[in-house]
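Data block below; observations after.
What you see below is based on every heavy atom in this structure, not just the backbone, and it leaves out hydrogens, waters and symmetry mates. Sequence lines set the chain letters: A, B, ... in the order given, protein chains first and strands last, and positions in each chain run from 1.
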Number of protein chains: 2
Amino acid sequence: MRRDVFQAIADPVRRDIIQLLSQKTLSINEIAHQFDVSRPAISKHLKILNECGIIDIQQQGRERYCLIRPKSLIPAFLWVEQYQSLWEEKIDSFEAYLKQLQAKSKNDNKNE
Amino acid sequence: MRRDVFQAIADPVRRDIIQLLSQKTLSINEIAHQFDVSRPAISKHLKILNECGIIDIQQQGRERYCLIRPKSLIPAFLWVEQYQSLWEEKIDSFEAYLKQLQAKSKNDNKNE
DNA sequence: TATATATGTAACTATTCGGTTACACAAATT
DNA sequence: AATTTGTGTAACCGAATAGTTACATATATA
């Protein structure tokens with residue numbers, strides 16, 4: 001199965017977990033209490049996040065604390081960032097296409 | 001079914017399609033030719049990208065051209081970007097935790 | 001020592017995903 | 001008019017997802 005940062009952040013629950021852990025290290029139960037889904041479901045999400053290197057889990061007595069490893073998000077950031085210049089041109093290629101059509105139509109009128 | 005930008009970019013084929021379209025507008029067949037998977041499979045990916053607003057499809061004769069709408073990626077960018085300060089502290093909380101442990105151990109030694 | 005707590009995990013389920021092949025159909029070409 | 005080309009889509013398939021309940025186990029507490 002695919003197991004990378006893009007797949008990890010695709011799920012909204014996992015994004016919420018990342019959000020929580022960015023504020024504070026939490027035990028697995030503490031995390032699970034914040035969600036409507038069952039603890040085993042959260043456990044599965046944490047396992048995935050752990051396998052993707054997004055969190056690290058530290059045993060402490062009978063509790064296991066989850067710590068975020070924010071650097072793991074850098075690849076996702078870099079991937080999206082490469083398109084920043086495109087959207088910062090303030091014009092989608094769709095809009096560019098429309099503009100081009102308008103220009104073409106203007107030109108056609110000229111030639112009538 | 002969930003249909004958002006995070007789910008859209010979770011698949012590597014879709015990320016490759018986005019990459020292609022960021023260079024150049026292409027027809028559906030032109031896109032399909034660049035991949036090993038079948039044309040219907042690519043069609044499905046394009047449908048998803050379209051439903052997420054990442055691409056726009058323009059009919060032209062019997063061909064359909066796909067145009068990227070880069071602004072649609074901004075939400076994903078913003079989501080990842082909010083953690084930039086965390087990873088730019090050049091220290092994961094995991095590493096911070098280890099440092100803390102080391103400091104603690106040093107302190108314990110002092111108190112022996 | 002008995003009990004409560006924190007967690008893992010197995011077994012199961014329904015749904016979605018990503019792919020396929022086969023076929024339909026409209027537009028372009030011959 | 002017949003053929004080729006570009007595309008949509010239905011039907012199917014196996015694997016992955018996201019969840020559940022039930023049970024096991026280790027640690028902490030009374």
- Item | Shared hydrophobic cluster, I48(B) / L46(B) (ILVMFWY, side-chain heavy atoms < 4.5 Å) | no
- Return each pair, listed once, that meets salt bridge (Lys or Arg N to Asp or Glu O under 4.0 Å) where at least one residue sits in residues 32-55 of chain B; pairs must be two or more places apart or across chains. R3(B)-E51(B)
- Message: I need the residues from residues 42-58 of chain B with at least one non-hydrogen atom less than 4.0 Å from DNA chain D; give them sorted by number, or say none.
- Response: S43(B), K44(B)
- Query: Heavy-atom distance under 4.5 Å between the side chains of V80(A) and W79(B), does that happen here?
  - Reply: no
- Task: Starting at atom CZ of R14(A), determine the distance to atom C1' of dA16(D), rounded to an integer number of angstrom.
- Result: 11 Å
- Query: Using the benzene-type ring in the case of Trp, are the ring centres of F6(A) and F6(B) under 6.0 Å apart?
  - Reply: no
- Item | Gap separating the NE2 atom of H45(A) from the CG atom of D11(A), nearest 0.5 angstrom | 4.5 Å
- Query: What distance separates Y65(A) OH from I55(A) CD1, expressed to the nearest 0.5 Å?
  - Reply: 14.0 Å
- Heavy atoms of L26(A) and E30(A) approach each other most closely as CA-OE1, 3.4 Å
- Query: When you measure from every atom of DNA chain D, which of residues 3-11 of chain A have a heavy atom less than 4.0 Å away?
  - Reply: R3(A), Q7(A), D11(A)
- pair V5(B)-S72(B): side-chain heavy atoms closer than 4.5 Å: no
- Enumerate the residues from residues 19-41 of chain A whose closest heavy atom to DNA chain D is under 4.0 Å, giving them by residue number; use none for an empty result. V37(A), S38(A), P40(A), A41(A)
- Mind checking whether Q19(B) and R15(B) have side chains closer than 4.5 Å, heavy atoms only? no
N/O-N/O pairs, protein side and nucleotides 26-30 of chain C side, under 3.5 Å:
residue	atom	partner	partner atom	Å
dA27(C)	N3	R62(B)	NH1	3.4
dA28(C)	O4'	R62(B)	NE	3.4
dA28(C)	O4'	R62(B)	NH1	3.1

Solution key, residues 87-94 of chain A side-chain donor-acceptor pairs under 3.5 Å, sequence neighbours excluded:
residue	atom	partner	partner atom	Å
E88(A)	OE2	Q84(A)	NE2	3.1
D92(A)	OD1	K71(B)	N	3.4
D92(A)	OD2	R69(B)	NE	3.3
S93(A)	OG	I68(B)	N	3.1
S93(A)	OG	I68(B)	O	2.4

- Query: Does the side chain of I42(B) come within less than 4.5 Å of V13(B)'s, by heavy atoms?
  - Reply: yes
- Note on the structure: CG of D56(A) to CG of L49(A), rounded to nearest 0.5 Å, is 12.0 Å
